[in-house]
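One structure below.
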Amino acid sequence: MDIRAEVKDVQEDGDDAEDDWIPSLGDVKHKQLEFNSLSEEEMVVRAKEYYKLLEGRRTVRSFSSRSVSKEVIRNIIKSAGTAPSGAHTEPWTYVVVSSAEIKEQIRYIIEEEEEINYKKRMGKVWTGDLKPFRTNWIKPYLTEAPYLILAFKQTHSLRADGKKKMHYYSEQSLCISVGLLISAIHYAGLVSLTSTPLNCGPALRSLLGRPMSEKLAILLPVGYPHEDCEVPDLKRKPLDEIMVEFD
């Protein structure tokens, strides 16, 4: 969405024009950046180590019911919360579900919609492209994984004076945050699946008691892989296919 359209939507929703000139964060003091410079050699080593770590990350659809410490999950969410965001609005809400009852309700909502998606909405090309991944509308991982993390995008929030607080580039900001989330999950020794339940957002938002200003973007089951877990033997694009350099 065009950021100018987002600003216009908020202004037309009753905010005074002068609010454009009042920073929602107030008067923020600045401080000296704490930065530890590394040698070029150490930077190369670190960059290679980080790539090697993330190169081993895989998306899985078969989870163990083995429990995971809540402290681990909370620190993973905290890591996601370090992401940059437009005007530091931090436009994300992470809902963490470990309740077996709520996971069952989430699974029911998703599978009901996914059956319609696979049979009617998605079409032959889409469903055909998904066949190699052995996936369909049956989603056992929604109840097998110890945690479900649902990432909601906040379209706006409220200022201290009760007026709407504009959230700039909320879509991009949430995408960056979820990227850090996935990296943190892998670094912690767990696995995940990035899913985008089609047409399930409103029902899941209602189930979890989230406000209308929040839109479900991604749902991730998180935990350990099942001992018999299999993943497709895929190769990632080489560097020369994902990077263009101008020297």
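Small disclaimer: the values here were computed from a predicted structure and weren't measured.
Applying the salt bridge (charged side-chain N to carboxylate O under 4.0 Å, His left out) rule to pairs touching residues 199-218 yields Arg210-Glu214, sequence neighbours excluded. Each side-chain hydrogen bond (donor to acceptor under 3.5 Å, both in side chains) pair with one or both residues in residues 179-194, not counting sequence neighbours, appears once here: Tyr50-Ser183.
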Between Arg121 and Trp126, is a side-chain contact (heavy atoms from CB on, under 4.5 Å) present by the stated rule, with each step listed?
CA-CA 10 Å; Arg121 297 181 181 128; Trp126 191 345; over 6 Å; no

Where do Leu130 and Tyr118 land on the side-chain contact (heavy atoms from CB on, under 4.5 Å) test, with the steps shown first?
CA-CA 10 Å; Leu130 290 175; Tyr118 272 81; 3.6 Å; yes

Could you give me the CA-CA distance, side-chain angles and deciding distance for Lys153 and Thr155, then say whether side-chain contact (heavy atoms from CB on, under 4.5 Å) is met?
CA-CA 6 Å; Lys153 177 188 73 173; Thr155 58; 4.3 Å; yes

Audit row: Arg134, Arg61, side-chain contact (heavy atoms from CB on, under 4.5 Å) steps and yes/no:
CA-CA 9 Å; Arg134 302 177 186 175; Arg61 290 178 169 81; over 6 Å; no

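Shown here is Met212, whose CE atom has no more than 12 heavy atoms of other residues, nucleotides or ligands within 6.0 Å. By the 6.0 Å contact criterion, CD on Glu71 is open, its count of non-hydrogen atoms from other residues, nucleotides or ligands being 12 or less. The environment of CD in Glu101 is sparse: at most 12 heavy-atom neighbours from other residues, nucleotides or ligands sit within 6.0 Å.
Nearest heavy-atom pair across Tyr224 and Ser67 is CE1-O, 3.6 Å. Asp129 approaches Pro132 most closely through the heavy-atom pair O-CD, 3.3 Å. Among all heavy-atom pairs drawn from Ser173 and Ser85, the shortest one is OG-CA, 3.3 Å. When all heavy atoms of Ser79 and Ala184 are compared, the closest pair comes out as CB-CB, 3.9 Å. Among all heavy-atom pairs drawn from Phe63 and Gly223, the shortest one is CE2-N, 3.7 Å. The two residues Arg66 and Pro146 have their closest heavy-atom pair at O-CG, 3.5 Å.
Under a hydrophobic clustering in which Ile, Leu, Val, Met, Phe, Trp and Tyr are joined whenever their side-chain heavy atoms come within less than 4.5 Å, directly or via other members, Leu190 and Val178 fall into the same cluster. Tracing side-chain contacts under 4.5 Å through hydrophobic residues (I, L, V, M, F, W, Y), one reaches Leu219 starting from Val95; they form part of the same cluster. Following chains of ILVMFWY side-chain contacts shorter than 4.5 Å, one can reach Val191 starting from Tyr141, so the two form part of one hydrophobic cluster. Linking Ile, Leu, Val, Met, Phe, Trp and Tyr whenever their side-chain heavy atoms come within less than 4.5 Å puts Ile185 and Trp92 in one cluster. Trp137 and Leu198 fall within a single hydrophobic cluster, where Ile, Leu, Val, Met, Phe, Trp and Tyr side chains are chained together by heavy-atom contacts under 4.5 Å.
Contact of the Leu208 side chain with the Leu216 side chain is not registered, since no non-hydrogen atoms from C-beta on lie closer than 4.5 Å. Considering only heavy atoms from C-beta on, Leu234 comes within 4.5 Å of Arg58 through its side chain.
Not one N or O on the side chain of Ser206 forms a donor-acceptor pair closer than 3.5 Å with the backbone of Ala203. Listed for the Lys165 side chain is no donor-acceptor partner under 3.5 Å among the backbone atoms of Thr89.
In this structure, Leu180 CG and Cys175 SG are separated by 11.5 Å, a value rounded to the nearest 0.5 Å. Taking CG of Leu142 as the start and OH of Tyr108 as the end, the distance is 14.5 Å to the nearest 0.5 Å. Summarising the geometry, atom CD belonging to Glu230 is positioned 8.0 Å from atom CG belonging to Asp228; distances are rounded to the nearest 0.5 Å. Note that the CD1 atom of Ile218 and the CZ atom of Phe152 stand 12.0 Å from one another [nearest 0.5 Å]. From Lys70, atom NZ reaches atom CD1 of Ile77 across 12.5 Å, with rounding to the nearest 0.5 Å. For the atom pair CZ of Arg57 and OG1 of Thr59, the computed distance is 4.5 Å after rounding to the nearest 0.5 Å.
The closest side-chain donor-acceptor pair between Ser170 and Gln154, if any, does not fall under 3.5 angstrom.
Each of Leu174, Val222, Ile76 was evaluated against Leu181; a single residue qualifies, Ile76, per the side-chain contact (heavy atoms from CB on, under 4.5 Å) test. If you run salt bridge (Lys or Arg N to Asp or Glu O under 4.0 Å) between Lys139 and each of Glu111, Glu113, Glu114, only Glu114 comes through.
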